[in-house]
Amino acid sequence: MYIGWVHHNIPKVFGCLAFVVNPIFVYLVFTGKSICLGNYRFLLLYFAIFNVGISGYRYCFYLILTDGFFEKASSFNHYILTARCSMLACSYAILISHFVFRYLVILRSKLISTGFHRFMAASFALCIFYYAFFQYVCEKWLSTSDTVKVYIEEHLQEEYGVDPNDYNMLSTIYNESNPQEIFRSWTGVVLLMLMSVGSISVYFILGYKTMKKLNDAQAHVTMSADTAMLQRKLLIALTVQTVIPICISFTPSLIAWFAPVFNFSMGRVYNYSGTIALSAFPFLDPVAIIIFLPILRNRLYQAKQSGEQTGTVSIELRTV
């Protein structure tokens with residue numbers, strides 16, 4: 001299904017950039033004076049091409065695979081689609097682990113020193129739970145029925161020239177359908193909303209409590225100025241990490257889910273904004289961490305300077 005050159009190519013560009021940037025990020029985290037980051041570098045590593053189309057018609061929202069090996073309709077390819085979507089939910093779980101880690105550091109909990117393996121095990125378990133929950137919601141409540149396919153068939157033929165029966169889809173419908181379909185849609189969307197809003201609430205609560213503990217520790221001189229400064233910078237980087245998925249994952253999803261409730265269609269704007277934004281996440285996240293963590297940013301700058309100096313020496317030797 002060809003929607004447009006922007007939708008077709010830009011996500012692939014971001015995918016390639018992600019494969020370039022993430023190895024650099026891993027190298028910076030695990031080399032040099034990584035002792036400053038301690039066990040947190042393993043959690044940073046934890047953070048570290050399917051083309052998905054998002055569209056709507058009247059009271060219906062649908063998400064469809066438009067490219068790649070798993071494009072055509074089949075049970076296995078449908079599972080791949082829901083697995084791809086469930087990966088986004090894992091980012092919520094990983095961010096919760098980051099905020100919990102930062103808070104435990106300020107509390108000087110043994111769970112992030114001698115018991116770090118237990119903390120990581122719990123973090124993996126939370127990630128698996130989020131993945132499984134999102135997968136369950138997609139398969140149980142948001143899988144596209146024949147009724148919905150009939151509802152959007154004419155629209156898909158006119159807009160993209162394809163038959164909905166030939167593609168794997170997830171969808172919601174809020175009106176102009178039978179009560180069972182409408183109930184399924186609302187149930188699925190509400191469950192995903194509870195997961196998203198609950199996760200974001202945890203970020204704000206733990207972020208506030210961490211900053212409050214930092215201020216209290218400095219006021220009572222129980223933490224050195226350098227340590228407090230490092231913790232603040234790590235919290236700022238974590239905040240940026242949180243803002244990115246909220247802006248390019250949660251917000252586009254929210255708009256896509258609820259615009260059809262009011263019979264408001266954004267047409268191909270969904271594909272040129274939401275889909276591209278989601279594909280940019282694996283690239284933007286490590287870039288943001290490198291920029292906002294001086295430890296990593298300085299190492300990258302020093303490596304660049306070292307390369308420039310090496311080039312200068314080589315020129316001088318050849319001249320001699």
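Applying side chain to side chain contact (heavy atoms under 4.5 Å, CB included) to Tyr103 and the options Lys209, Met211, His98 leaves one that passes, Lys209. With Val202 as the partner, the side chain to side chain contact (heavy atoms under 4.5 Å, CB included) test is satisfied by one option alone out of Val197, Val100, Ile96: Ile96.
With rounding to the nearest 0.5 Å, the separation of CG in Leu104 from CZ in Phe99 is 13.5 Å. Separation of atoms OG (Ser177) and CD1 (Ile182) is listed at 5.5 Å; rounding is to 0.5 Å. For the atom pair CG (Leu142) and CD1 (Ile173), the distance works out to 13.0 Å, reported to the nearest 0.5 Å. How far OG of Ser185 is from CD of Gln180: 11.5 Å, rounded to the nearest 0.5 Å. The CG atom of Leu126 sits 9.5 Å away from the SG atom of Cys90 when rounded to the nearest 0.5 Å. Rounding to the nearest 0.5 Å places CG of Leu206 at 11.5 Å from CG of Leu95.
Counting only N and O atoms by type, the side chains of Ser145 and Arg184 include no donor and acceptor under 3.5 Å apart. Between the side chains of Tyr130 and Ser199, at least one donor N or O lies within less than 3.5 Å of an accepting N or O. For the residue pair Thr172 and Tyr174, a side-chain donor N or O sits within less than 3.5 Å of a side-chain acceptor on the partner.
Ring orientation note: the planes of Tyr136 and Phe133 are tilted relative to one another, at an angle of 30° to 60°. Between Tyr92 and Tyr203, the ring planes are parallel. Angles under 30° get that label, and only those over 60° would be called perpendicular.
With contacts defined as side-chain heavy-atom distances shorter than 4.5 Å, the pair Thr187/Val137 does not qualify. A heavy-atom distance below 4.5 Å is not found between the side chains of Leu156 and Lys149. Ile94 is not listed as a side-chain neighbour of Ser123, based on a closest heavy-atom distance of 4.5 Å or more. For the pair Phe134/Cys85, a side-chain contact is recorded, criterion being any heavy-atom separation below 4.5 Å from C-beta on. Proximity of Met169 to Ile152: side-chain heavy atoms (C-beta onward) are separated by under 4.5 Å at one or more points. Counting heavy atoms from C-beta on, the side chains of Tyr79 and Gln135 come closer than 4.5 Å. Looking at heavy atoms from C-beta onward, Gln157 lies out of side-chain contact with Val162 at the 4.5 angstrom threshold.
Under the 4.5 Å side-chain contact rule for hydrophobic residues, Phe183 and Leu194 share a cluster.
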Steps toward side chain to side chain contact (heavy atoms under 4.5 Å, CB included) verdict (Leu170, His78): CA-CA 9 Å; Leu170 298 174; His78 187 272; 3.9 Å; yes
Test side chain to side chain contact (heavy atoms under 4.5 Å, CB included) on Phe119 and Phe124; report intermediate values, then the result. CA-CA 9 Å; Phe119 175 84; Phe124 278 121; over 6 Å; no
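Side-chain N or O atoms of Ser97 include one that pairs as donor or acceptor with a backbone N or O of Ala93 at under 3.5 Å.
Under a cut-off of 6.0 angstrom, the local environment of NZ in Lys72 is crowded, with over 12 non-hydrogen atoms contributed by other residues, nucleotides or ligands.
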